[in-house]
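Excluded from the calculations below are hydrogen atoms, water molecules and symmetry mates; all remaining heavy atoms, backbone and side chain alike, are included. Protein chains get the first letters and strands the later ones, always in sequence-line order, with residue 1 at the start of each.
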Amino acid sequence: MLQTKNLSKIFTTHEVETTALNNVNFEVQEGEFVAVMGPSGCGKSTLLHIAGMLDNPTNGEYYFMGEEVSGYSERKRARLRKGNIGFVFQSFNLIDELTVFENIELPLLYLGVLAKDRNKRVDDILEQLELVPRKNHFPQQISGGQQQRVAVARALIANPRVILADEPTGNLDSSHGDEVMKLLVDLNENGTTVIMVTHSPAYADYANRVIHLFDGHIVTENLKDKYNKHMQPLSEVTG
Amino acid sequence: MFSNFFIFAFRLLRRDMLHSIINTIGLSTGMACCIIIMMYLQNELTFDRYHQNADHIYRVGIKITMGDQSEGYAQSSWSIGKRLKDEYAEIKDYARIEPFSGVLFEYREKVFYEDQIALADPSIFNIFSFMFIYGDPATCLKEPGNLVLTKTLARKYFGDQNPIGKIIKLGNKYECDVTAVVEDMPPNSHMRLNAFVAMASLSVVAPKVDFDNLPLMEADCYTFLLVDEDFSLNNFLKKFESFRKKFIVEEEKRYRQKYDPIFLKLADIHYGPDLRFDYPKGNKAYVYAFFTIGIFILFLACINYINLATARALVRAREIGIKKILGADRRHLVFQLLAESLIATMIALLIAVVLVELIMAAPFFNQLLNGSLQPDLLNNPYFLYGILMLWLFIGLFSGLYPALYFSSILPVKALCGTLTYARSEYLIRRSLVTFQFVVSIAVAAFTLFMNVQIDYMRNRNMGFKKENVLSIKLHDDANFDKIPGILKELRHQPDIISLTTAHTRPGRAWTNLISVEGKNGMQEHNFYRFLVNYNFLETLGIELQQGRDFDENRPSDKDKAVIVNEKFVEYMGWENPIGKRLTKGLPDKPGFSGEVIGVVKNFNFYSLHYDIEPLWLSLQHKVGGSVIVRFKSERRAQVIDILKENWKQIHPGYPFVYTFLDREFDRFYDADRKQNQLINIFSFMCIVISCLGLLGLTSFNTSRRIKEVAIRKIYGASATRIILMLFKEILHVMLLASILAIPLALGFFHMWVRNFAYRSNINYLIFFTTAATALIIAFLTAGYHCIRVAKANPVDTLRHE
């Protein structure tokens with residue numbers, strides 16, 4: 001579904017060059033739940049941004065659903081992103097001026113879905129995520145956990161193939177964090193591919209596979225038997 | 001989708017109340033100014049166009065040429081209308097109008113002097129468009145004594161009654177019957193008449209005069225022609241030669257003058273050529289000035305919106321980024337941002353319309369505009385259209401840059417918080433605010449220059465004393481036999497310094513065609529003349545330069561003494577003016593013949609818009625015109641009482657009405673003063689709008705530098721030092737704006753001052769004063785933001801970084 005080949009990202013400010021990603025090769029199959037871990041500044045978010053086509057790599061190739069998109073313009077990337085990728089952020093990134101309902105409805109609006117259909121789909125997801133009583137509230141009127149549920153609902157509403165979550169539990173206490181993780185696991189079990197950046201080994205544990213980044217490189221990639229909760233080094237898995 | 005845009009825009013406005021209020025005040029103030037300027041311009045540029053036949057009505061004036069001297073007159077002969085109609089099929093009709101001022105109207109106990117009362121042909125109602133309230137346009141001016149009143153005048157004398165058939169006595173002797181009432185002439189009429197008396201009345205007043213055959217050379221009334229729809233002036237002038245041969249050639253020989261008609265389209269009169277005896281003209285300089293100021297205000301308001309909108313870029317970047325990530329493309333965002341600006345502009349427009357209605361209802365403003373602007377905006381299709389255009393223009397123009405700017409923000413930068421203000425963006429904003437202050441300072445300096453010029457005109461030594469002088473008009477049926485005795489008695493009143501009578505005086509002069517002794521015999525000229533009585537020079541404090549004043553002890557002075565001004569002497573090139581001859585009248589019918597006995601120093605006998613012209617003074621044969629009295633300034637009330645008492649003997653039954661000469665002269669500058677006050681108001685508005693712009697810039701600049709300020713503070717900078725650092729930027733903007741404003745203000749002033757023959761010196765200190773005031777206002781405006789940032793706890797700032 002997603003594949004990178006020798007992917008690099010270098011940020012240049014004036015005369016200073018910072019390498020965020022250095023020859024990263026990784027692949028995510030459809031239906032996988034992949035967690036990306038590593039210390040601050042190791043390139044996790046950059047990888048997620050490139051995977052979500054919010055940014056272009058400096059070098060290397062990136063295939064999204066078989067299409068090489070590394071050289072695509074913002075316009076082309078936006079078109080491909082629309083409906084295929086859902087984003088969940090640490091800081092929720094809800095729009096303060098829109099109600100819960102309107103925030104969730106937004107991706108459908110840009111997809112040109114008709115109002116009647118839009119309302120039905122948003123109502124369904126609100127019900128599914130137990131947000132119905134909050135539908136007319138503004139983000140600042142609900143708790144952090146609820147805000148993140150709204151963000152997940154918004155990421156899901158267009159039935160994307162991939163959910164990219166950037167530290168989705170980072171701003172939440174453990175009970176709300178667990179709630180959000182349960183949502184992502186459910187999603188994954190229903191067939192949605194999930195890539196999640198996290199600092200928390202406990203939450204990474206929910207994933208099928210964990211990728212460790214350090215200084216822009218992938219240092220380990222662990223395939224996990226999630227039923228036995230047993231971690232295996234990547235080398236052993238690939239034999 | 002659109003409803004979402006609107007809901008979102010409203011919530012956004014509500015959330016950021018401070019910016020929204022600043023923005024709305026700026027926009028609505030700017031739009032209100034633009035609407036008023038639009039109304040002013042519409043009024044100015046549509047003079048007389050409300051007449052249905054406006055494009056087919058011409059006024060006939062005349063140009064008289066004597067030697068190399070030409071003079072144009074707005075009036076023409078009583079006979080030209082009929083002659084033209086008889087000769088040319090394309091002239092469908094004609095109407096003559098002869099207006100009078102100070103006509104005594106008397107109905108029962110109501111006795112008033114009325115102005116702009118016109119003798120008129122019945123055809124005026126066929127040629128011009130009048131709204132009849134009572135009466136029949138076809139018959140109301142047919143018979144001698146028929147009187148048509150305008151609504152205001154009818155109400156003044158008869159209240160809400162139907163006045164048809166009522167009798168009003170005019171000039172204390174002519175009984176006129178009211179035959180019709182018409183709506184008042186709109187303010188955008190070049191001549192605004194208050195009542196019409198049937199031209200047929202002339203057959204009673206002057207039965208022996210054959211008005212249809214009076215010489216064409218004598219211009220006495222305004223003549224209007226109604227022409228065919230396919231009339232072409234150029235073609236008509238080609239055919240005019242036959243008329244010239246038939247009627248003019250002989251007269252030219254007799255008068256020794258060349259005659260040319262001046263055909264002026266009705267709608268062109270207001271901004272037409274300067275002609276003698278014409279109604280006050282529109283001043284194109286004001287039209288240009290107001291138009292320019294209107295455009296400036298429009299841009300100032302737009303700049304504010306742009307600056308305030310983009311100053312919130314960092315706040316809004318996250319929202320834009322999220323929307324992009326969720327699938328919004330650039331088109332969506334541009335639409336959304338333009339919709340926001342259109343909504344903000346619409347709210348501002350609604351407030352502006354209410355503001356305009358309130359402003360127009362304010363007595364001060366209404367007076368300032370002579371009640372000439374009708375604020376009935378919603379019933380005026382032109383305005384609705386104009387306002388719609390204004391809304392679209394401001395909405396789209398000011399929304400476009402923010403729309404393009406925001407929609408180009410990269411989502412990843414917006415979400416990572418790596419979006420920063422580029423230096424170039426700051427420079428753009430700074431340039432825009434500098435432009436705002438260039439305009440504001442220039443307009444403010446211009447208004448101060450105008451003030452100086454108007455004060456200069458009011459206070460300039462005119463060459464005669466106009467203070468503490470009053471003038472009382474004498475009417476034809478005064479007790480003239482008693483007047484010399486009464487005046488003699490009044491002269492002995494201790495409170496009266498001097499008094500005289502005169503038909504013409506400063507402020508009211510006429511010209512006469514005269515023959516003057518020149519180097520090569522007698523030369524004909526059309527010069528201003530004062531017809532005065534003894535003590536005229538003394539009463540008005542006019543100084544003799546050589547020769548002597550009129551002398552009561554020399555009876556021959558009445559018939560032949562002439563006093564001229566220095567300009568006359570200079571014009572004629574006389575080395576020794578005393579004794580030079582001067583005659584008035586036609587060669588075959590001489591009238592006055594006199595010689596120069598004295599020369600007075602030059603004095604301005606009209607407003608300082610005009611230069612001094614050659615003038616001659618001679619004595620009245622019979623007392624008449626006006627009584628002119630110089631009195632002791634502290635005894636004004638007593639003098640008025642004394643004169644009022646004597647007035648009963650001179651004019652029993654006439655109301656006692658007097659004017660002060662200085663106030664009369666002051667009124668020459670009324671139009672200038674009013675325009676100055678208007679421009680003052682607009683200049684104030686420019687400053688208000690610019691200050692809002694500065695507020696936006698400061699808010700932008702301080703948020704841009706908030707981190708820098710925090711770091712500086714951590715390393716020891718005091719709040720005062722930080723404030724000074726932030727003020728330094730404002731100082732640069734203001735200094736640059738002040739320098740750039742100088743040529744603009746001078747340009748405005750030179751364009752305006754061209755209308756004055758006498759001009760005040762340019763006081764460059766005004767630039768300094770304006771710039772300093774603007775700087776203080778700017779510091780006060782920006783102070784809040786600067787102090788807030790300077791006093792903020794740096795830890796709080798850096799924690800958010």
Side-chain angles (χ1 to χ4, degrees), chain A residues 9 11 13 18 20 45-46 48-56 73-99 101-115 118 138-140 151 154-155 157-158 160 164 166, chain B residues 1-17 19-20 309 312 314-337 339-340 343-344 404 406-420 422-423 799-801:
Chain A
K9 179 72 182 176
F11 293 106
T13 13
T18 315
S45 293
T46 308
L48 204 71
H49 289 153
I50 292 174
M53 286 181 284
L54 295 179
D55 208 351
N56 273 340
S73 66
E74 160 63 16
R75 202 178 189 166
K76 269 184 158 177
R77 282 184 276 141
R79 205 179 304 144
L80 204 56
R81 218 160 46 210
K82 219 192 290 193
N84 284 320
I85 303 176
F87 291 90
V88 181
F89 301 94
Q90 177 183 4
S91 53
F92 325 132
N93 277 337
L94 298 177
I95 295 175
D96 295 339
E97 289 76 20
L98 299 180
T99 61
F101 185 98
E102 290 161 345
N103 262 294
I104 299 173
E105 183 193 25
L106 217 50
L108 299 181
L109 214 62
Y110 297 131
L111 281 169
V113 176
L114 293 176
R118 266 192 338 247
F138 286 94
Q140 55 275 29
R154 189 178 62 184
I157 190 76
L164 298 177
D166 193 356
Chain B
M1 179 67 89
F2 281 107
S3 64
N4 286 54
F5 284 166
F6 286 103
I7 292 168
F8 185 77
F10 276 116
R11 285 180 192 155
L12 203 68
L13 287 174
R14 205 176 51 192
R15 191 180 69 148
D16 199 352
M17 247 345 181
H19 276 111
S20 303
R312 289 144 80 189
L314 286 192
V315 182
R316 295 209 56 190
R318 195 178 68 99
E319 165 224 325
I320 302 287
I322 297 168
K323 286 187 171 168
K324 279 196 157 184
I325 288 170
L326 295 177
D329 55 27
R330 203 163 175 193
R331 195 170 44 101
H332 273 120
L333 294 170
V334 169
F335 269 136
Q336 180 207 317
L337 292 156
E340 277 172 28
I343 289 166
L404 296 176
F406 282 132
S407 62
S408 67
I409 290 174
L410 287 175
V412 68
K413 279 194 167 186
L415 291 185
C416 294
T418 53
L419 188 78
T420 49
R423 176 90 189 144
R799 192 165 45 217
H800 294 299
E801 275 296 310

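- Per-residue heavy-atom pair counts under 4.5 Å with chain B were compared for A/Asp96, A/Asp166, A/Leu111, A/Ile85, and the maximum is reached by A/Asp96.
- Nearest heavy atom pair, residue B/Arg11 against residue A/Leu98, reads NH1-CA, 3.7 Å.
- From B/Leu326, atom CG reaches atom CD1 of A/Ile104 across 11.5 Å, with rounding to the nearest 0.5 Å.
- With chain B as the partner, the residue from A/Arg77, A/Arg81, A/Glu105 showing the most heavy-atom pairs under 4.5 Å is A/Arg81.
- Contact annotation for A/Glu74: only side-chain heavy atoms (C-beta onward) come within less than 4.5 Å of a heavy atom of chain B.
- Nearest heavy-atom pair across B/Asp329 and A/Lys82 is OD2-NZ, 4.3 Å.
- Note that NZ of B/Lys323 and CG of A/Leu109 are 9.0 Å apart. Values are rounded to the nearest 0.5 Å.
- Looking at A/Leu94, only its backbone comes within 4.5 Å of chain B, counting heavy atoms on both sides.
- Looking at B/Ile325, both its backbone and its side chain come within 4.5 Å of chain A, counting heavy atoms on both sides.
- Contacts between A/Thr99 and chain B at a heavy-atom distance below 4.5 Å involve backbone atoms as well as side-chain atoms.
- Atom-to-atom distance recorded for B/Leu410:CG and A/His49:NE2 is 12.0 Å, nearest 0.5 angstrom.
- Residues passing the side chain to side chain donor-acceptor pair (under 3.5 Å) test with B/Lys324, sequence neighbours excluded: none.
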